[in-house]
K.L.:
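Here it is, the structure in full.
Chain letters run A, B, ... following the sequence lines, proteins first, then strands; residues in each count from 1.
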Amino acid sequence: MPEFRLYNSLTRAVEPFVPADGETVRMYACGPTVYNPAHLGNFRTFLFADLMRRALMLAGFKVRQVMNLTDVDDKIIKRATQQGQSIREVTEPVIGMFLADRDYLRIEPAEHYPRATDFIVEMVDLVRRLEMKGVAYQAEDKSVYFAIDKFAGYGRLSRLDTRELKAGARVAQDDYAKENAQDFALWKAATPDDEACGAAWDSPWGRGRPGWHLECSAMAMSLLGETIDIHTGGIDLQFPHHEDEIAQSEAATGKPFARFWCHGEFLLTDGAKMAKRVGNVANVQDLRTQQVSAAAVRHLMFSTHYRKQLNLSGTALEASMEAVRRVGDFAERLAAATGGTLKMAEIAEAFRGEFEDALRDDLNAPRAQAALFVFINQVNAELDKRGGDAAGLTAAREAFARANGVLDIVPDREGVDASLEAWVDGQLEARKAARGRRDFAAADQIRKSLEGKGIVVEDTPQGARWKKVR
RNA sequence: GGCGCCGUAGCCAAGUGGUAAGGCAGGAGACUGCAAAUCUCUCAUCGUCGGUUCGAUUCCGACCGGCGCCUCCA
């Protein structure tokens, strides 16, 4: 079997990937900061992790995935303070929304969703280790910082060593206590606001709270070990977040932290990065009110390679909705078919090879999806022949199920209640009778009234079929 | 200012040193009482200008245009 290959930001090259133990991929995905519902830009990255997870499993690996929930940070504290709540009161409902959105988008649950506040002990321990190694220091402001010039590899991931800071860039400001402007906080001394909203814990350095970067290192190493296979996240996290994770993890353990760093590109709207401060965010709830199916969103997200920016637009969504409609119709047709052709087995095998090659090639989902549409077209043509070959049909069904197990782009059927169903069936009986006596005007009238209720009728050799749309 | 990415048909988007997958939209046809669904055919020379090469969309350079990171950020 061809090797699985992934682009590694660490080396800036596509490399063969195998988990360190040859069997189970231990992957850590940077998750949401839960102060606000995640927007579609965030979910593009989470969908990228979902694709990675499913593609790895399709390739035969086991996966142990962790996605953190950052439930203590500046924004959360700010919000809690404004609303006179504890940070937990702020984060709890948002976590609920995140999980609901995740389920709506059919993102397969990771094995763990650790909350930062549940790992304070591990975080304090990590800071202590760094202090003992002499790479952390407590400054006058009582916060503890990581001294980047004590870590030789600093800047390796983001190539910071070759960078220069923008002239006049805002580096110092409130960070006057640090020895070096680029040193980052491991442990932040508590403020009265922190105390008031429950964002302060005891530590050897006094009351305080963990720095953001520290949270991920501590949780990743606690749950997955000191060297993990894959660390994913949005491209914007590459610096400084991931750079700092590497520094503090490797300085503490002396071992490589993550073997592969994989970054997903941004989702743009109106040609700009989707971000709250740009004012162009859309979230899952917006899609639901627009009746955009999860299948369509997944199709759209997978139609562009994860390392390329993707511009979200209404027309793109409509194209995906239509594409996925076709996939859904095909799925039903395949399920209902009573026989296939010999050739379908060949088509299925070719499809399976191309589909899986594409995914193994640095998660080339656009290519995999293209293969699926070729497959759908070819199998539809075979199905039109109304053959009776059982093996061919089975092969096609299996190949489709296997591919859809990764993409998951078959839309849900519209829910129909029993009374509507009975009414539609009655209408179709009347239409059948009208057609029987060649009263097409009456038959068309019935079909038109059904369409008014979102019922689309399709005549087939086996009689009329119908489905609810919108 | 430093680092990096991108520019392929009306829209979205793969890809290769030897004349371009797929989706949406469009056109023609088959099937149908008419539709719908499905099928068939059809629709591009790859931002511009140079260079390397027998040959470049694919390599190199310049330019134009767009985006991102360097500060919280998926």
K.L.:
Strictly below 4.0 Å, N to O, side chains only: are A:Lys308 and A:Glu265 in salt-bridge contact?
P.N.:
no

K.L.:
Which part of the nucleic acid does A:Glu322 contact within heavy-atom distance under 4.0 Å: base, sugar-phosphate only, or nothing?
P.N.:
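Answer is sugar-phosphate: A:Glu322 comes under 4.0 Å of backbone atoms only.
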
K.L.:
When we call it a touch if two heavy atoms are under 4.0 Å apart, what does A:His305 touch: a base, just sugar-phosphate, or nothing?
P.N.:
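Sugar-phosphate, backbone atoms only, no base.
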
K.L.:
Answer with base, sugar-phosphate or nothing: what part of the nucleic acid does A:Asp73 contact at a heavy-atom distance below 4.0 Å?
P.N.:
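No contact.
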
K.L.:
Taking B:U19 as the reference, what is the distance to B:G23 when you measure between their C1' atoms (whole Å, please)?
P.N.:
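Straight-line distance between the two C1' atoms is 24 Å.
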
K.L.:
Looking at every strand, decide which applies to A:Asn377 at a 4.0 Å heavy-atom threshold: base, sugar-phosphate, or nothing.
P.N.:
sugar-phosphate

K.L.:
Quick one: look up who B:G68 pairs with, Watson-Crick or G-U, both distances under 3.5 Å, and put none if it's unpaired.
P.N.:
B:C3

K.L.:
For B:C31, which nucleotide in any strand shown is its Watson-Crick or wobble partner with both distances under 3.5 Å?
P.N.:
none

K.L.:
Between the main-chain N or O of A:Leu407 and the side-chain N or O of A:Arg298, is there a donor-acceptor pair closer than 3.5 Å?
P.N.:
yes

K.L.:
Quantified in whole Å, what is the C1' atom distance between nucleotide B:C39 and nucleotide B:C31?
P.N.:
9 Å

K.L.:
Taking B:C12 as the reference, what is the distance to B:C67 when you measure between their P atoms (whole Å, please)?
P.N.:
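Rounded to whole Å, the distance is 14 Å.
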
K.L.:
What's A:Asp236 touching, base or sugar-phosphate or nothing? Going by heavy atoms closer than 4.0 Å.
P.N.:
base

K.L.:
Please work out if A:Phe373 contacts a base, only the sugar-phosphate, or nothing of the nucleic acid, heavy-atom cut-off 4.0 Å.
P.N.:
sugar-phosphate

K.L.:
Looking only at N and O atoms, is any donor in the side chain of A:Arg465 or the base of B:A36 less than 3.5 Å from an acceptor on the other one?
P.N.:
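Flag unset: no donor-acceptor pair detected.
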
K.L.:
Strictly below 4.0 Å, heavy-atom distances to any atom of RNA chain B: list the hits from residues 273-283 of chain A, or just say none.
P.N.:
A:Lys273, A:Met274, A:Arg277

K.L.:
Could you work out the separation of B:U16 and B:U57 based on their P atoms and round it to a whole Å?
P.N.:
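One P to the other, the span is 16 Å.
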
K.L.:
Kindly assign one of parallel, tilted or perpendicular to the pair A:His241 and A:Trp212, based on the angle between their ring planes and the thresholds 30° and 60°.
P.N.:
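A:His241 and A:Trp212: parallel rings.
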
K.L.:
Ignoring hydrogens and geometry beyond distance, is the side chain of A:Asp459 in donor-acceptor contact with the base of B:C34 at under 3.5 Å?
P.N.:
yes

K.L.:
Quick one: does A:Arg326 reach the base of B:G23 with a side-chain donor-acceptor pair under 3.5 Å?
P.N.:
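Flag unset: no donor-acceptor pair detected.
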
K.L.:
Give a yes/no verdict on a cation-pi contact between A:Arg288 and A:Tyr104, requiring under 6.0 Å between NZ or CZ and the six-membered ring centre and an angle within 45° of the axis.
P.N.:
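Yes, A:Arg288 and A:Tyr104 form such a contact.
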
K.L.:
Could you state the atom-to-atom distance from CZ of A:Arg367 to P of B:G23 in whole Å?
P.N.:
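Going from CZ in A:Arg367 over to P in B:G23 covers 16 Å.
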
K.L.:
Go through the N and O atoms of the side chain of A:Asp444 and the base of B:G33, and report whether any donor-acceptor pair is under 3.5 Å.
P.N.:
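For A:Asp444, whose side chain was compared with the base of B:G33, there is a donor-acceptor pair (under 3.5 Å).
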
K.L.:
Once you apply a heavy-atom cut-off of 4.0 Å, does A:Arg325 come out as touching a base, just sugar-phosphate, or nothing?
P.N.:
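Touches sugar-phosphate only.
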
K.L.:
Using purine N1 to pyrimidine N3 plus N6-O4 or O6-N4 for Watson-Crick, or N1-O2 and O6-N3 for G-U wobble, both under 3.5 Å, which nucleotide pairs with B:C43?
P.N.:
none

K.L.:
Just call it for A:Thr33: base, sugar-phosphate, or nothing, with non-hydrogen atoms closer than 4.0 Å on any strand.
P.N.:
sugar-phosphate

K.L.:
May I ask you to say whether A:Asp50 pairs ionically with A:Arg54, meaning some side-chain N is under 4.0 Å from a carboxylate O?
P.N.:
yes

K.L.:
With a non-hydrogen cut-off below 4.0 angstrom, is A:Ala316 in contact with a base, only sugar-phosphate, or nothing?
P.N.:
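Counting heavy atoms under 4.0 Å across all strands, no contact is made by A:Ala316.
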
K.L.:
So, using side chain to side chain contact (heavy atoms under 4.5 Å, CB included) as the criterion, who are the partners of A:Thr33 when residues are at least two apart?
P.N.:
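Listed in chain order: A:Tyr35, A:Thr70, A:Asp73, A:Ile76.
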
K.L.:
Nearest whole angstrom, please: distance from the P of B:U38 to the CD of A:Gln378.
P.N.:
16 Å

K.L.:
Side-chain polar contacts of residues 338-345 of chain A - donor-acceptor pairs under 3.5 angstrom, sequence neighbours left out - could you list them?
P.N.:
residue	atom	partner	partner atom	Å
A:Thr341	OG1	A:Met344	N	3.4
A:Thr341	OG1	A:Glu382	OE1	2.7

K.L.:
Mind checking whether A:Tyr306 and A:Phe48 have parallel, tilted or perpendicular rings, split at 30° and 60°?
P.N.:
parallel

K.L.:
Has A:Glu111 got more than 12 heavy atoms of other residues, nucleotides or ligands less than 6.0 Å from its CD?
P.N.:
yes

K.L.:
Identify the nucleotide, in any strand shown, that forms a Watson-Crick or G-U wobble pair with B:U48, with both distances under 3.5 Å; if there is none, say none.
P.N.:
B:A62

K.L.:
Could you identify the nucleotide paired to B:G10, looking across every strand shown and requiring Watson-Crick or G-U wobble geometry with both distances under 3.5 Å?
P.N.:
B:C24

K.L.:
Give one of base, sugar-phosphate or nothing for A:Arg437, where a contact means two heavy atoms less than 4.0 Å apart.
P.N.:
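Counting heavy atoms under 4.0 Å across all strands, no contact is made by A:Arg437.
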
